[in-house]
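Since the structure comes first, as C-alpha cells, the remarks are kept for the end.
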Amino acid sequence: LLPVIYVITPTYTRPQQKAELTRLKSVFLHVPALHWIVVEDAPKKSQMVSNFLESSGLTHTHLHQSTPQEWKLKDSDPKWRKPRGVLQRNAGIRWLRSKFAHDANPRGVVYFADDDNTYSVELFHEMRDTHKVSVWPVALVGGVLVERPLVGSNGQVSSWLAGWKADRPFAMDMAGFAVNLSLLLNKSGVEFSIDAPIGFQESVFLEKLITQEELEPKADLCTKVYVWHTRTEQPDLKQEIRLNKVGKHTDEGIEL
Ligand code: UDP
Ligand code: MN
C-alpha cells in the first residue's frame with residue numbers, strides 16, 4: 001500500500017481562484033493515494049470550493065481559517081511584506097494532528113502546495129518515499145530561474161543555490177520539500193510561525209524538524225525540475241468594473 005500524500009493548499013477568493021484549483025485538480029487526479037486538504041482563507045467555507053471539491057473525484061478535506069485583517073496584504077504593500085497562507089497551512093497541520101491523535105506512527109507524507117504553482121505528476125512520485133524530509137529544485141522563484149539544493153559526492157545536501165540569502169539554514173521555497181507524516185506529528189506543536197523573518201518561513205519551519213545532512217535529495221540528486229513557482233497575472237476587469245457600476249454583472253447566474 002502506498003503511503004498517502006497529504007497535500008495542504010491555502011486558497012482565497014479571487015476571480016481566478018477556480019482556475020488555479022482546476023489546474024491543481026487536473027494534476028492531482030493523476031496521482032494515486034493523494035488526500036487534498038484545502039484551507040480557505042475565509043471566515044467560512046465557500047459554496048464554490050465545496051462544490052468544486054465534491055465533484056472533483058479527489059479524496060479531500062475542506063477547512064477554513066481566516067487571516068486576521070491586520071496581517072493581510074494591502075494593495076500598496078509589496079508582495080513580500082507579510083506571510084501568506086501561514087495560518088491556513090497550520091490549520092491543515094492541526095487537522096492531521098487530530099486525525100492521527102491515536103496513531104503513534106502514522107504513515108504518510110505532507111506537502112504544502114500553494115494554489116498558483118505548477119506541479120508535475122512526477123513530483124509526487126519523487127516525494128512518495130520520504131523518511132524524514134525530501135528536497136528538490138523549484139523553478140522561477142527568488143529572482144532566479146531555479147533554486148536548488150546542491151548535492152555533494154556523498155549524496156548529501158552540501159549547500160544551496162539561491163539568488164537570495166543562500167546562507168539561510170534551509171534556503172528553500174515552500175514547494176521544494178515534503179515531510180514525513182510521523183516526523184511532523186511526533187514533534188509536538190511544530191507549525192509555521194507567523195513572526196518568522198521575511199523569507200525565512202520555510203527555513204524556520206525546517207530547523208524545527210531536521211538537520212541539513214539528514215535531507216533526502218530527490219529528482220536525480222536535485223538536477224530535475226518538477227515544480228515551478230508560477231504566479232498568475234491579475235485579470236483585466238476594467239469593463240466588468242464599468243458594467244458593475246450600472247448594475248450589470250457578467251457572472252450573474254454563472255459560477256466561475
Ligand atoms: N493566500 C491566502 N490568503 C491570502 C493570500 C494568499 O490563503 O490573503 C494563499 C494563496 O492562495 C497561496 C498561498 O497563500 O496558496 C501563497 O500565496 P501567494 O501565491 O500569493 O504567495 P507567493 O507566490 O507570492 O509566495
Ligand atoms: Mn504563489
Side-chain angles (χ1 to χ4, degrees), residues 6-28 36-46 48-50 52-53 58 60-95 110-120 123 137-147 162-165 168 170-178 191-194 196-206 225-235 256:
Y6 294 92
V7 178
I8 299 178
T9 298
T11 186
Y12 67 109
T13 305
R14 59 208 193 280
Q16 69 272 28
Q17 183 180 26
K18 194 174 180 183
E20 308 286 26
L21 296 175
T22 298
R23 287 189 316 133
L24 267 55
K25 177 182 83 169
S26 303
V27 175
F28 295 171
W36 197 11
I37 303 170
V38 176
V39 190
E40 286 194 73
D41 182 352
K44 62 183 178 65
K45 299 184 213 176
S46 70
M48 187 278 280
V49 176
S50 297
F52 175 84
L53 287 172
L58 289 163
H60 62 269
T61 297
H62 185 187
L63 307 173
H64 70 93
Q65 168 66 59
S66 48
T67 306
Q69 206 50 47
E70 61 269 26
W71 291 347
K72 285 255 191 194
L73 279 178
K74 294 184 201 71
D75 282 346
S76 56
D77 284 334
K79 259 277 197 177
W80 45 264
R81 197 59 178 271
K82 294 201 183 85
R84 291 166 297 269
V86 173
L87 297 185
Q88 292 71 35
R89 292 184 198 104
N90 287 347
I93 293 172
R94 282 176 200 181
W95 183 84
V110 182
Y111 183 56
F112 301 99
D114 289 353
D115 65 0
D116 57 341
N117 293 337
T118 303
Y119 305 93
S120 67
L123 177 70
V138 178
L140 313 180
V141 71
V144 292
L145 285 173
V146 54
E147 258 186 18
W164 182 84
K165 282 217 194 278
R168 282 172 287 165
F170 296 87
M172 261 191 301
D173 184 75
M174 200 63 71
F177 64 91
E191 293 192 342
F192 291 96
S193 54
I194 192 75
I198 296 297
F200 280 71
Q201 192 60 240
E202 296 84 350
S203 195
V204 167
F205 178 76
L206 288 168
V225 170
Y226 294 130
V227 57
W228 296 258
H229 183 260
T230 44
R231 276 173 165 173
T232 303
E233 188 184 0
Q234 289 295 342
L256 79 158

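Residue numbers count from 1 along this sequence. Counting convention: from 1, in listed order, for ligands and their atoms alike.
At a heavy-atom distance under 4.0 Å, atoms from both the backbone and the side chain of D115 approach ligand 1. Proximity of E20 to ligand 1, defined as any heavy-atom pair under 4.0 Å, is not found for any part of the residue.
Using modelled atom types, no side-chain atom of R23 and backbone atom of T118 make a donor-acceptor pair closer than 3.5 Å. With K165 contributing its side chain and A171 its backbone, the two residues share no donor-acceptor pair below 3.5 Å.
Geometrically, ligand 1 and D41 share a nitrogen or oxygen pair separated by less than 3.5 Å. No N or O atom of T67 sits closer than 3.5 Å to an N or O atom of ligand 1. For P10, a nitrogen or oxygen atom sits less than 3.5 Å from a nitrogen or oxygen atom of ligand 1, counting backbone and side chain alike.
For residue D116, an N/O/S atom approaches the Mn ion (ligand 2) to within less than 2.8 Å.
Just one residue in the list H64, K45, H62, Q88 forms a side-chain hydrogen bond (donor to acceptor under 3.5 Å, both in side chains) with E40, and that residue is H62. Considering H229, M174, R231 in turn, H229 is the only one that fulfils the side-chain contact (heavy atoms from CB on, under 4.5 Å) rule with V141.
The atoms of ligand 1 that sit less than 4.0 Å from any heavy atom of R231 are 22 (P), 23 (O), 24 (O). Those atoms of ligand 1 that come under 4.0 Å of a heavy atom in D116, given as number and element, are 19 (O), 23 (O). Within ligand 1, counting atoms from 1 as listed, the ones closer than 4.0 Å to a heavy atom of D114 are 12 (C), 13 (C), 15 (O), 16 (C). Residue-ligand proximity, G85 to ligand 1, at heavy-atom distances under 4.0 Å covers atoms 14 (O).
At a 4.0 Å cut-off, at least one heavy atom of T11 sits close enough to ligand 1 to count as contact. Residue H229 places a heavy atom under 4.0 Å from ligand 1.
Note on ring orientation: taking the six-membered ring where Trp is involved, the planes of F200 and W164 are perpendicular (angle over 60°, cut-offs 30° and 60°). Using cut-offs of 30° and 60° on the angle between ring planes, the pair F205 and F192 is parallel.
At a cut-off of 3.5 Å, with distance as the only test, a side-chain donor of T67 or D41 sits close to an acceptor on the other residue.
The closest side-chain heavy-atom distance from F52 to L58 is not below 4.5 Å.
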